[in-house]
Amino acid sequence: MSTTGATADPLAALGTLPGVPESVESVRKAVDRVYGHRIMRRRSNEITSEAALRGARGSAALSGADWALEEVRRRTDFSGDDEARVMGAALRLTAEAGQLLSIWRQSPLRVLARLHLVAAATQGDEVGRPRQESESVDEPLVELALPNAAEVSGRLEGLADLIIAGSSAPALVTAAVVHGELLALRPFASHNGLIARTAERIVLVGSGLDPKSICPAEVGHAELGRAAYLAALEGYVSGTPEGMAAWIAHCGRAVELGARESTAVCEALQRGAA
């Protein structure tokens, strides 16, 4: 995303693209419905915990570890094969996200570096910083052209400036741009998809749209499928108004599906079946 242009608030401008206001309104109604569920008055902590687990499972599925929810619940060791490590990284990131909300608006790059440290869980020189020109990226499921290190640095700084400056744009728009930009850049040597989806969650929670983190967009992204996810991402990368609007709408639909998932959890708890 270009951060320069005629408007001082490019995120707000994206919020006026055709179809985006409708997506924003639809998301708000979906979130309000689950927050208004009667079970939320008594058992919101349980809903938050379940949403975190399901969100981590969904994010891992998009990064190649498509496990059944009960398998995620059952496992305690995530240090085995590649899929187990992806799942472990997704669970760690989900747990860490809530600890970083107060830092995000002041220092988003610091938060992103921390997320990479948590996801990688190693001591390599490449961990916790943007990749250098000579370094490769382990992100096999995203096959778009990879920006060079200089472009990554400039665009990360531009994204950070936008976040720190603040915007009148709806939370959905900001979250979608953060998510799309990180996926497009793949700024770290690994785990970029997981980090991008965690950053989306941080924006949605920190903005006040989903303060209890009960509407896991990761669930919706996984339900919509990897092909649709990557096709929408191509729209974002194109930079066209139509492509950007389609990506924002895709992210909005993912939040709606996450809200629907938590509504189902609320219903199950109310019936005493969960």
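Atoms considered below: every heavy atom in the structure, side chains included; atoms not considered: hydrogens, waters and symmetry mates.
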Near Asp77 CG, under 6.0 Å, is it more than 12 heavy atoms from other residues, nucleotides or ligands? yes
Quick check: do Leu269 and Ile47 have side-chain heavy atoms less than 4.5 Å from each other? yes
Using 4.0 Å as the upper bound for N to carboxylate O, is an ion pair formed by Arg28 and Glu25? no
Quick check: are there more than 12 heavy atoms from other residues, nucleotides or ligands sitting under 6.0 Å from CZ of Arg73? yes
Backbone N or O of Val118 within a donor-acceptor pair of the Arg92 side chain at under 3.5 Å? yes
To the nearest 0.5 Å, tell me how far Arg201 CZ sits from His179 NE2. 12.0 Å
So if you build clusters from Ile, Leu, Val, Met, Phe, Trp, Tyr with side-chain heavy-atom gaps below 4.5 Å, do Leu182 and Leu109 land together? yes
Hydrophobic cluster identity match, Leu257 and Leu233, side-chain contacts under 4.5 Å: no
Between Thr263 and Arg33, does any side-chain donor sit less than 3.5 Å from a side-chain acceptor? no
Do the side chain of Thr198 and the main chain of Leu194 share a donor and acceptor less than 3.5 angstrom apart? yes
Between CD of Glu200 and CG of Leu183, what distance do you get to the nearest 0.5 Å? 9.5 Å
Could you grab the distance from atom CG of Leu112 to atom CZ of Arg129, nearest 0.5 Å is fine? 15.0 Å
I need the Ile195 CD1 to Glu139 CD distance, nearest 0.5 Å. 8.5 Å
Checking the side chain of Ser63 only, and the main-chain atoms of Ala60 only, is there a donor and an acceptor separated by less than 3.5 Å? no
Heavy-atom donor-acceptor pair, Thr48 side chain to Lys212 backbone, under 3.5 Å: yes
Distance col, row Arg85:CZ vs Thr122:OG1, nearest 0.5 angstrom, shows 11.0 Å
Residue pairs passing the side chain to side chain donor-acceptor pair (under 3.5 Å) test with at least one member in residues 184-193, sequence neighbours excluded, are His116-Ser190
Can you check whether Ile214 reaches Val265 side chain to side chain, under 4.5 Å on heavy atoms? no
Would you check if Pro108 and Leu159 make a side-chain contact, meaning some heavy-atom pair closer than 4.5 Å? no
List the steps and the verdict of side chain to side chain donor-acceptor pair (under 3.5 Å) for Glu256 and Ser26. CA-CA 8 Å; Glu256 291 180 55; Ser26 184; 3.0 Å; yes
Less than 4.5 Å apart, side chain to side chain, heavy atoms only: is that true for His221 and His250? yes
For the side chain of Arg155 and the backbone of Leu185, is there at least one donor-acceptor N/O pair under 3.5 Å apart? no
Rounded to the nearest 0.5 angstrom, the CD-OG1 distance for Glu242 and Thr240 is 5.0 Å
Okay, side chain of Arg54, backbone of Pro216: is any donor-acceptor separation there less than 3.5 Å? no
Please determine which of Ile163, Leu101, Ile103 meets the side-chain contact (heavy atoms from CB on, under 4.5 Å) test together with Val111. Ile103
Any side-chain to backbone donor/acceptor pair from Thr16 onto Ala13? Under 3.5 Å, distance only. yes
Do you reckon Leu156 sits in the same ILVMFWY cluster as Leu115, going by side-chain contacts under 4.5 Å, direct or chained? yes
Taking the side chain as every heavy atom from C-beta outward, state whether Leu62 and Leu141 have any pair of such atoms under 4.5 Å apart. no
Quick check against the 3.5 Å criterion: does Asp9 have a side-chain atom that pairs as donor or acceptor with the backbone of Ser168? yes
Under 3.5 Å: donor-acceptor pair, side chain of Glu135, backbone of Gln132: yes
Relative to the ring of Trp247, is the ring of Tyr229 parallel (under 30°), tilted (30 to 60°) or perpendicular (over 60°)? tilted
Do the side chain of Ser207 and the main chain of Val203 share a donor and acceptor less than 3.5 angstrom apart? yes
Does Leu93 share a hydrophobic cluster with Met87, counting links as ILVMFWY side-chain heavy atoms below 4.5 Å and allowing steps through other members? no
